[in-house]
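Chain letters run A, B, ... following the sequence lines, proteins first and then strands; every chain starts at 1.
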Amino acid sequence: MFLLMYTTIENALKSRTGLHDVQLTDGGEHADLASTVAFTLAKERKQSPVIIAEELARELHGDPAFEHIQVTVKGPYINFLFGPSYVSRTLEEAVKPGYGSQPQRRERVVLEHTSANPNGPLHVGHIRNSILGDTLARCFRKAGYRLEVQYYVNDMGRQIAIVVWGFDHLDTGAMDGEKADHYVARIYIAANRELASDPGLVAEVDTLMQQVERSENATVRKFRSAVTQCLDGFHVTMGRLRVHHDRFVWESDFVRNGDTERFLSRLHRLPEYHEDGKVWLDLKAAGFEKEYVLRRTDGTTVYATRDLAYHMWKGKNFDRVIDVLGADHKLIGGQLQATMHLVGEKAPDIIYFEFVSLPEGAMSTRAGKFVSADELMDEVTKRAFAEVTVRRPELNEDTRKSIAVSVAIAAIRYDIVKISPEKSTIFNWKEALDFERQSGPYIQYAHARACSILEKAGEFSEAYDLKDPHGIALAKHIAKFPAIIEEVVQDLKPHLLATYARELADQFNAFYHYEPVLKSEGITRQSRLTLVTAAKNTLKESLESLGIDAISTM
RNA sequence: GGGCUUGUGGCUUAGCUUGGACAUAGCGCCGGGCUUCUAACCCGGAUGUCGGGGGUUCGAAUCCCCCCAGGCCCGCCA
């Protein structure tokens, strides 16, 4: 409903002013939408903006499209207020299951996220990537796109060679109950320590890497095995986090299937191509001073080469390519985009997120300095269980456990997604364990309250006659949900949904407090119950788009 | 040194792309509210040079320039 109103007003103003751009602003407490075109026109018409605003408003009053939109003027501002029909139509839409879902679109989108090196467990930095990516994925699906989510497995890297070397020389077996990815990290950390103390051993790692590039079977098998163990651990972690990938794509496949060589051969005709022992591209024109090396003097390819082959493949199979990458990838991401442009292929849209560090400094798998996602989830779940037990002692243990799991994931996912990706953050246990604040559980709670009302209400027939301010404000906020999903997808900004969901819970709580539902009677009761249904539904859709369980009791 | 990026009350943070009506919320602080649909809630109050300086504009947190501070990147690593 909101988008419809927006375009109605926008078009009316465009045709009357002759302006191409008549951006509407949020009306705040004054209105549902507002326009400041009067300022823009004041200069060219050499007229007071107040007079222009009044004139425009007069014209709009006679417009049949504005039958249900109240137009008022306050100084130079033209305010638009939506009437009862807007509210009732919103409710009719929002009570339907799947509210906010757009019809299926033709466009096929591939979204890559997480793609952490398989040399140790996912830590709190990696899951910022996972949560951003997974939330975006959920929004894309809701917006009707045909989406495939991919994890790019870096199975040829030096890190993996070090893990393999470690398994060859230092393996003492997994400890009791040790998760596979944590076990890999232990070997990786130990191997790095060995290599640091005896630099002569580095040559052995180099040999392993060359063998893999030549696809030597025995070594390839070792790499696969090490990587697979780690990925098995990742699956468990991401499953708990409700993060899903449709496909795992292995870097080495692009070497073995010849795509990497084919891509290199395509570059020969480019003026930017240079071959002087090594192969490199000159990307100065695109703003990159460094030589972009794609083949070493020893003939082997580098990470960037295989990544290009991977993106080439994605571009051929999908209409739109999106990557979620850490801010440390900004340079190589830019180089990759520039190169894809040069060869006339689809360049990915890249969303970058800044790092999560620890109070004592940057995280490092190699040095063993990190807080793993598993550890985080364990601790937060423990804390959530204690909390549920205090609040709902009458519930049985299994129910409390189940609520605690949902609450913990809500707290973690929301804490991460609510922050703009471009902000670097410092991980803080105290904050992670505290969900009695602007949080995922807060939104879940609003949903649970709505469920509780509906459960007690029993049967009722829908009605759309809202008279009181908090209910109307809530309905108007519900109306914006589809527009928010659209905005998240267009701008690749999942945190907009986090903000929206919190505001929705705010509105619901205010309504809950001031406008009793079950105690009201007649049409008011029916209308409020309809509103609660719509709110519950919108909260549920919002939560699920955020990857958070919409639980009915907590 | 160069590039990218962030800097908003004591702390965390929205808004910045597309400039407009008293800058968004949370935590913490002060004061209220559970015989009333789940108080993981609600209401009121105090707290702001929107990093600093200049500029553009009728109007700047938002655009431009300079400076300061933090983060990241600058490998024939991945």
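For A:R296 and B:A78, the shortest distance from a side-chain N or O to OP1 or OP2 is below 4.0 Å. At the phosphate of B:A39, OP1 or OP2 sits under 4.0 Å from a side-chain N or O atom of A:Y512. In this structure, A:R528 does not reach the B:C37 phosphate: none of its side-chain N or O atoms is under 4.0 Å from OP1 or OP2. Between A:H329 and B:A78, a side-chain N or O to OP1/OP2 separation shorter than 4.0 Å is absent. Of the side-chain N and O atoms in A:Y414, none sit less than 4.0 angstrom from OP1 or OP2 of B:U12. Dashed line: the shortest gap from a side-chain N or O of A:S357 to OP1 or OP2 of B:G71 is not under 4.0 Å.
A 3.5 Å limit on both hydrogen-bonding distances identifies B:C68 as the Watson-Crick or G-U partner of B:G7. Both distances falling under 3.5 Å, in either a Watson-Crick or a G-U wobble arrangement, place B:G44 opposite B:C30. Pair assignment for B:U35 gives none, since no Watson-Crick or G-U wobble pairing has each distance under 3.5 Å.
Between B:U62 and B:G53, the distance separating the two P atoms is 12 Å to the nearest Å. The separation of B:G3 from B:C42, taken at their P atoms, amounts to 47 Å, rounded to a whole angstrom. For B:C43 and B:G52, the C1' atoms lie 39 Å apart once the distance is rounded to whole Å. Taking atom C1' on both nucleotides, B:C50 is separated from B:A60 by 11 Å, rounded to a whole Å. Comparing the same atom, C1', in B:G2 and in B:U49 gives a spacing of 32 Å after rounding to whole Å. Of the P atoms belonging to B:G19 and B:A61, the separation is 14 Å, rounded to the nearest Å. With both ends at atom C1', the span from B:G9 to B:U5 equals 24 Å, rounded to whole Å. Distance noted for atom C1' between B:C37 and B:G7: 45 Å (whole Å).
A side-chain donor-acceptor contact under 3.5 Å links A:Y442 and A:D506.
Residues forming a ring pair (Phe, Tyr, Trp, His ring centres under 6.0 Å) with A:F460 (at least two apart in sequence, or on another chain): none. Scanning for side chain to side chain donor-acceptor pair (under 3.5 Å) contacts around A:D549 gives A:R242, A:S406, with sequence neighbours left out. Legend: residues meeting ring pair (Phe, Tyr, Trp, His ring centres under 6.0 Å) with A:F427, ordered by chain and number and at least two apart, are A:W429.
Residues from residues 282-295 of chain A with heavy atoms under 4.0 angstrom of RNA chain B, sorted by number: A:K290, A:V293. Residues from residues 447-457 of chain A lying near RNA chain B, meaning a heavy-atom separation below 4.0 Å, are A:A448, A:R449, A:S452, A:I453, A:K456 in numerical order.
No side-chain heavy atom of A:V163 sits under 4.5 Å from any side-chain heavy atom of A:P118. Using a 4.5 Å heavy-atom cutoff, the side chains of A:F508 and A:R449 are in contact.
When distances are taken from the side chain of A:H495 to each of B:G15, B:A40, B:C73, the shortest belongs to B:G15. Looking at the side chain of A:L331, the nearest of the listed nucleotides B:A78, B:C73, B:C42 is B:C73. Across B:C42, B:A21, B:A78, the shortest atom-to-atom separation from the side chain of A:H513 is found for B:C42. If you check B:A78, B:U17, B:A40 against the side chain of A:D491, the one that comes closest is B:U17. In the set B:A78, B:C37, B:A21, B:A78 carries the atom at the smallest distance from any side-chain atom of A:V302. When distances run from any side-chain atom of A:Y442 to the nucleotides B:C42, B:C37, B:C73, the shortest one goes to B:C42.
Residue A:Y352 is out of contact with every strand shown, counting any heavy-atom pair closer than 4.0 Å. No engagement by A:S115 is indicated, since no non-hydrogen atom pair under 4.0 Å with the nucleic acid exists. Note on A:F39: a base of the nucleic acid sits closer than 4.0 angstrom, heavy atoms only. Among the protein residues, A:D26 comes within range of no part of the nucleic acid, since none of its heavy atoms lies under 4.0 Å from any strand. Within the nucleic acid shown, A:V532 has no heavy atom closer than 4.0 Å to any nucleic acid atom. Contacts of A:Q444 with the nucleic acid, taken as non-hydrogen atoms under 4.0 Å apart, are absent. Heavy atoms of A:A34 sit under 4.0 angstrom from at least one base atom.
The nearest whole Å value for the distance from the CZ atom in A:R502 to the P atom in B:U24 is 12 Å. Whole-Å rounding puts the A:N192 CG to B:A78 C1' distance at 13 Å. Note: CE (A:M363) to C1' (B:G71) measures 13 Å, nearest angstrom. Atoms CH2 (A:W280) and P (B:G75) sit 14 Å apart, rounded to a whole Å. Counting to the nearest Å, the P atom of B:U13 and the CD1 atom of A:I426 are 9 Å from each other. Rounded to whole Å, the distance from CD1 on A:I484 to C1' on B:G15 is 13 Å. Taking atom CG of residue A:L325 and atom P of nucleotide B:A78, one finds them 16 Å apart after rounding to whole Å. The distance between atom OH of A:Y303 and atom P of B:C76, rounded to the nearest whole Å, is 16 Å.
The side chain to side chain contact (heavy atoms under 4.5 Å, CB included) with A:V380 is formed by just one residue from the set A:I409, A:L433, A:D434; it is A:L433. For the pairing with A:V407, the side chain to side chain contact (heavy atoms under 4.5 Å, CB included) check across A:S439, A:S402, A:P441 returns one residue only, A:P441.
Using a 4.0 Å cut-off between charged nitrogen and carboxylate oxygen, A:E354 and A:K423 do not count as a salt-bridge pair.
Annotation: A:R158, atom CZ; neighbour count of heavy atoms from other residues, nucleotides and ligands within 6.0 Å is above 12. The local environment of CD in A:E521 is sparse, with at most 12 non-hydrogen atoms from other residues, nucleotides or ligands closer than 6.0 Å. By the neighbour-count criterion of 12 heavy atoms within 6.0 Å, atom CD of A:E360 is densely surrounded, having more than that number from other residues, nucleotides or ligands.
Judged by closest nucleotide on RNA chain B, A:T499 is the one of A:T499 and A:E487 placed further toward the 5' end. Comparing A:Q159 and A:I78 against RNA chain B, the residue whose closest nucleotide sits nearer the 5' end is A:I78.
The two residues A:L454 and A:L529 come nearest to each other via the heavy atoms CD2-O, 3.9 Å.
Applying the 3.5 Å distance criterion, the base of B:A40 shares no donor-acceptor pair with the side chain of A:D434.
Relative ring orientation between A:Y151 and A:F234 is described as tilted, the plane-to-plane angle lying within the 30° to 60° band. Ring geometry, A:Y310 versus A:F254: the interplanar angle falls from 30° to 60°, so the pair is classed tilted. In this pair, A:F2 and A:Y6 present their aromatic rings tilted. The plane angle is within the 30 to 60° band.
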In 5'-to-3' order, the base (B), backbone-only (S) or no-contact (-) status of each nucleotide in nucleotides 1-10 of chain B, using a 4.0 angstrom heavy-atom cut-off, is ---SSSSB--
